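Source: prediction; values computed, not measured. Atoms within a ligand are numbered from 1 in the order they appear, just like the ligands themselves.
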Amino acid sequence: MSQLTVAKFGGTSVADAHAMERCAAILEQNPDTRLAVLSASSGVTNILVALASGEHQPDARATLLQQLTEIQQGILNSLEKPETLTRHIEDILVYIKELADSAAISPTHALHDEIVAQGELMSTRLFVELLRRRGTPAVWFDVRKVMRTDDKFSRATPDLARLQAEVEKELQPLFANELVVTQGFIGSAQDGRTTTLGRGGSDFSAALLGEALGAKAIQIWTDVPGIYTTDPRLVSEARPISEITFSEASEMATFGAKVLHPATLQPAVRQQIPVFVGSSKDPAAGGTWIRNHTNSQPLFRALALRRNQVLLTLTNQSMFQVHGFLAEVFGILAKHKISVDLITTSVISVSLTLDSGAESLTDEVRAELDKHCHLQVEENLTLVALIGNRMSEVNGVGTQVFKALSEINIRMICYGASAHNLCFLVPEDDANQVLNDLHTELLPS
Ligand code: ASP
Ligand code: MG
């Protein structure tokens, strides 16, 4: 393992020149940080997605381009409009306009990614200039040289062996003299066309680069001082967690905590690289360390919430003492690439929730399931996940949890498969109350 740290700065952290100055200060204070991975400035990716989706009205396109231009010009103005860079950014804006005009005629997946990737390409250019003005030598690096992916545009999968080899060849030698600034979120297919890794994918990029470099730490700088016990917008008593294990943090990301992209931790876990989450607005406030082992292993650590859940209940009267029913049902779901989240069974029925929500339940899928069983679909449900340690081994967990929920109609419970979570479904309208009650009862400060 090297001494190198990778730092990722999210969209709000690089929203404008003022925010970028804070990121620069963070990097300058930690000489071990040799690689900075950036998102596009806040709001930029949303604008680019709108342009890429083939907005037909020229006026609407012009408005979007104007908003985009203002964000970039704002940063350029703070940098006193350096000539070469200003020209370069203006060229990119013209290029985006041309691509958006093409997308309005015929939007394609490849065009989409080429447009959307420009946000990260611009933010990194601007940030290198800002660092240089501060006297910090920095070099811009096009991550597409090393982040080679398949050609599933918008959700491309990186080729890890190739990444490893290219990082050693292209990226590693640059660290000797300068800080390297590169893009999160984007990559390139084998034929060189630009791809993207999915919304919020910069965290994942940083973790993959950290893995390929054998980094000693991966820092994720965002706008909150770490991972909270639960969403502080919903529960005022929520507080930051100073350390959490990989297993617990993965459960949190999977079950809806918005702080990290769910795939982020996989590379870190593979190489046991600690991940730090902190706020670039207030680095002194500390943050959350995610690592293999933590000093404390509390029974209850956090609560996460995922809305818009669909519950399917499949009933077959003749399922009683008959084998093969579950295999048939899951066979149909697998054929349609529908992944199942929670599941409980009874003698004649099985209830499950779908990862991908109601859209995946097409008429075709319904018709196939109908042949085997009676199908009941319930919506407007929220999944609440309680995350902690040894939860399936300790007496009285159920009593503590359900005491706090005595007034609520719990639609489904999953407990026991993982030592790190207890999940249940509640009516959407009760979700905030449930979260507050559980937090008061199980996570008192
Ligand atoms: N800029 C991209 C997005 O907004 C990637 C990221 O921020 O992680 O989705
Ligand atoms: Mg982001």
### Task
Would you mind telling me if ligand 1 is within reach of the side chain of Ser39, the backbone, both or neither, using heavy atoms under 4.0 Å?
side chain

### Query
Of the backbone atoms (N, CA, C, O) and the side-chain heavy atoms from C-beta on, which set of His261 has a member under 4.0 Å from an atom of ligand 1: side chain, backbone, both, or neither?
neither

### Query
Does ligand 1 have an atom that lies less than 4.0 angstrom from a heavy atom of Gly11?
no

Can you list, pair by pair, the side-chain donor-acceptor contacts under 3.5 Å of residues 91-98, counting residues two or more places apart and other chains?
from	atom 1	to	atom 2	distance (Å)
Tyr95	OH	Glu114	OE2	2.7
Lys97	NZ	Asp101	OD2	2.8

### Message
Using a 4.0 Å cut-off to any heavy atom of Arg199, which atoms of ligand 1 qualify?
### Response
3 (C), 4 (O), 9 (O)

### Message
Side chains of Thr229 and His439: any donor to acceptor distance under 3.5 Å?
### Response
yes

### Query
Are any of the side-chain nitrogens in Arg125 or Glu129 under 4.0 Å away from the carboxylate oxygens of its partner?
no

### Salt-bridge criterion met for Arg270 and Glu211 (N-O under 4.0 Å)
yes

Quick check: [X] and ligand 1, any N/O pair under 3.5 Å apart?
| X | value |
| --- | --- |
| Asp203 | no |
| Lys8 | no |
| Gly200 | yes |

### Query
Would you find more than 12 non-hydrogen atoms of other residues, nucleotides or ligands less than 6.0 Å from Arg155 atom CZ?
no

What pairs of donor and acceptor atoms, side-chain ones from residues 240-249 against any protein atom, are under 3.5 angstrom apart with sequence neighbours left out?
from	atom 1	to	atom 2	distance (Å)
Glu243	OE1	Arg291	NH1	3.4
Glu243	OE2	Asn295	N	2.8
Glu243	OE2	Ser296	N	3.4
Thr245	OG1	Glu248	N	3.2
Thr245	OG1	Glu248	OE1	2.8
Glu248	OE1	Thr245	N	3.1
Glu248	OE1	Arg301	NE	3.3
Glu248	OE1	Arg301	NH2	2.9
Glu248	OE2	Arg301	NE	2.8
Glu248	OE2	Asn389	ND2	2.9

